[in-house]
Amino acid sequence: MKEEAVQLGEAGSLVGIVTSPPQGNENKPAVILLNPGILHRVGPGRIYVRIARALAARGFTALRFDFSGIGDSTVRLDNCCFEKSSVDETRGAMTFLQTTRGISRFILLGGCSGALVSLATARLDRRVIGAVLMNFPAKVDEEEPADRRRDRHYYWNFALLNLKSWRKLLTGQSDYRKIGRALAQGVKCKFIGQSKISGPDQQFRAALWELADREVQLTFVCAKGDLLLQDLYKAGGGDLKQLYAQGKVACEVIPRSDHTFSSLYDQERLVATIARRVDAAALVSKRHVHTPEIAAGPLETLC
Amino acid sequence: MKAVQRVVPFYFGMQGRELFGCFHEPSQKRIRKGSVLICQPVGHEYINSHRALRQLAARLAEAGFPVLRFDYYGCGDSCGEAGEGSIARWLEDISTAIAALKTRAGSFPVYAVGLRLGATLAAIGGMQRDNLAGLVLWDPVVNGNNYFQELLSLQKEMLRFRPKPKRWFSTIVRQLRTYADRPRALAQRTSAWFCSRNTEAETEVLGFPVSNMLRTELEELDLLKIPGKPAPRVLVVQTTQNADEIGLKDHLIHTEAQVEQQRLDAPQIWLPTADGSLLVPAQALQSLVSWLSGVTS
């Protein structure tokens with residue numbers, strides 16, 4: 001396969017790498033990988049490089065690039081917020097591949113904030129025929145501090161089934177106050193919950209239906225060990241379950257993995273899962289290219 | 001939107017072993033008589049320090065230096081898989097990068113700035129090839145064996161509260177299912193698997209593989225034993241209280257290098273942070289820019 005350094009965006013300020021398949025594009029959609037948070041286009045554990053090369057080996061052109069101010073790309077000098085600039089730059093990346101390589105269909109792939117950008121761009125641009133959203137950061141209850149959410153997630157999902165944790169509990173080595181608080185909050189979340197759906201959750205569910213109606217192939221890939229998984233289930237609620245049951249949305253959970261898929265074994269499973277889902281999305285896609293539609297009003301945000 | 005500074009990404013080096021680099025063009029306000037090669041760390045330290053080193057390159061370019069940042073073979077955007085890197089190969093990559101820098105920047109003397117293992121590699125490479133006019137060693141890895149043990153401790157610590165990957169268990173279950181009706185094949189397969197674990201077992205640190213070859217090379221690495229000077233002028237920057245670094249300055253002086261040392265109160269940018277942020281130590285960066293500006297004036 002061939003890897004090429006490219007500069008795209010306004011004044012060539014964005015830096016990216018295009019990984020081209022050895023036998024040419026094979027008339028498949030291109031995959032664009034979006035920054036996972038503030039990490040540059042290589043990704044944690046160099047996972048984005050692995051994903052791009054694996055996809056190229058399967059006949060997909062892959063582009064990894066850095067948003068403005070991240071990695072090797074230059075900072076923006078205007079006052080455009082990241083929520084808008086990241087979507088604009090992603091659309092610019094699609095246009096770049098369209099004009100330089102004649103590719104007109106795209107699958108977006110992003111981790112964490114990259115997943116948010118992927119979803120937002122998919123809603124705005126009909127060239128997007130699929131999106132792989134890794135550890136999607138659905139809206140959370142901001143009243144609960146982040147460290148307590150992590151504790152709750154750990155104790156409810158791992159410590160209860162861990163012999164070492166029980167040994168520490170029974171030998172007086174545990175933080176009993178922390179455990180009590182985590183378990184109490186867990187009971188509240190699991191069994192009491194919230195009867196009213198929040199505004200952001202409603203928007204999220206509406207976005208899922210909108211994309212499903214357009215036959216955009218959405219895949220959520222989540223690490224079992226990441227507390228964002230529970231947030232996703234909560235945010236998506238019954239709508240997510242319904243869409244999943246209808247086969248309009250895919251949810252893949254990587255067991256015993258964490259937010260950054262820190263182990264090589266996690267990475268292998270992640271790459272295999274993504275390759276499988278991208279293959280599936282490419283097969284299902286039957287849409288022709290439309291002229292990209294520009295959003296008429298202010299950019300909607302999901303969160 | 002107007003670009004602040006010109007950065008040129010490109011691939012260079014031998015076909016099939018191309019390395020990725022970012023060349024920062026110098027500000028036209030003042031062009032220094034020297035170019036700078038940034039030798040990055042590897043593994044998770046590379047990921048965590050990328051932002052800071054990019055900022056360093058930008059500041060150096062603003063100060064008038066042509067700058068090249070690059071990824072070693074098997075790292076970053078360069079060719080090669082993660083487990084294919086080695087000290088020997090990375091030393092060659094530094095020489096290749098110096099040649100690429102000179103092609104783009106002209107025949108100015110080359111100064112290297114290395115962080116962590118990148119500093120160690122730059123020092124060894126400079127000593128072997130005598131191709132550096134100056135060198136900044138930013139928290140260098142002095143003893144490779146201690147460094148490797150630190151990596152293992154970090155791996156253990158970072159994964160302490162994360163679900164443990166039970167690859168061996170899943171592998172056993174999978175093999176039992178596959179060979180359930182072929183006991184002899186199962187026995188052979190199991191025997192081969194145990195042998196491979198003993199001889200070809202690969203270590204990993206926070207998502208990066210460490211091959212047995214690299215591990216052996218690291219265990220033999222010792223900056224206190226390099227026989228010659230890495231560069232005529234050396235700046236040792238220390239932000240840690242690492243016992244390994246005691247004696248480094250004296251040893252480098254013994255090699256007849258002109259050595260300066262700075263102790264800075266700055267974060268260890270190569271380490272993971274609790275909130276996932278990437279640190280940019282402005283004071284440390286400015287200190288490096290000032291020193292390089294001074295030696296090239």
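Sequence lines set the chain letters: A, B, ... in the order given, protein chains first and strands last, and positions in each chain run from 1.
Here the OG1 atom belonging to T74(A) is positioned 5.5 Å from the CZ atom belonging to R54(B), to the nearest 0.5 angstrom. Remark: S262(A) OG to Q155(B) CD distance equals 8.0 Å, nearest 0.5 Å.
Comparing V6(A), I47(A), I17(A), L39(A) by how many heavy-atom pairs each has under 4.5 Å with chain B, the most go to I17(A). Highest contact tally toward chain B, considering only G37(A), G45(A), G43(A), is held by G45(A) [criterion: heavy-atom pairs under 4.5 Å]. If you tally non-hydrogen atom pairs under 4.5 Å between each of G43(B), G80(B), C79(B) and chain A, the highest count goes to G80(B). For the options P255(A), C80(A), G71(A), heavy-atom pairs under 4.5 Å to chain B are most numerous at G71(A).
Counting heavy-atom neighbours within 6.0 Å of M1(A) CE, excluding the residue itself, gives a total above 12. Counting heavy-atom neighbours within 6.0 Å of Q15(B) CD, excluding the residue itself, gives a total of 12 or less. By the 6.0 Å contact criterion, CG on N79(A) is open, its count of non-hydrogen atoms from other residues, nucleotides or ligands being 12 or less.
Residues A5(A) and F20(B) share a closest heavy-atom pair of CB-CE1, 4.0 Å. Taking all atoms of both residues into account, the shortest heavy-atom contact from Q7(A) to P9(B) is CD-CD, 3.3 Å. Considering every non-hydrogen atom in both V7(B) and D72(A), the closest pair reads CG1-O, 4.4 Å. Between I38(A) and G276(B), the closest heavy-atom pair is CD1-O, 4.2 Å.
Taking the side chain as every heavy atom from C-beta outward, R46(A) and F208(B) approach each other to under 4.5 Å. The side-chain heavy atoms of T260(A) and L206(B), taken from C-beta on, include no pair separated by under 4.5 Å.
Salt-bridge check for R50(A) with E81(B): failed, with every basic side-chain N at 4.0 Å or more from each acidic carboxylate O.
Residues in residues 30-54 of chain A take part in these ring-ring contact (aromatic ring centres under 6.0 Å, His included) pairs, two or more places apart or across chains: H40(A)-Y46(B), H40(A)-H50(B).
The salt bridge (charged side-chain N to carboxylate O under 4.0 Å, His left out) search around E217(B) returns none, not counting sequence neighbours.
Proximity to chain B is limited to the side chain of Q267(A), based on heavy atoms less than 4.5 angstrom apart. Residue T19(A) does not touch chain B at all, counting heavy-atom pairs closer than 4.5 Å.
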Using side-chain contact (heavy atoms from CB on, under 4.5 Å), reason through D77(B) and R41(A) one step at a time and then give a plain yes or no. CA-CA 9 Å; D77(B) 288 309; R41(A) 64 191 175 277; 2.7 Å; yes
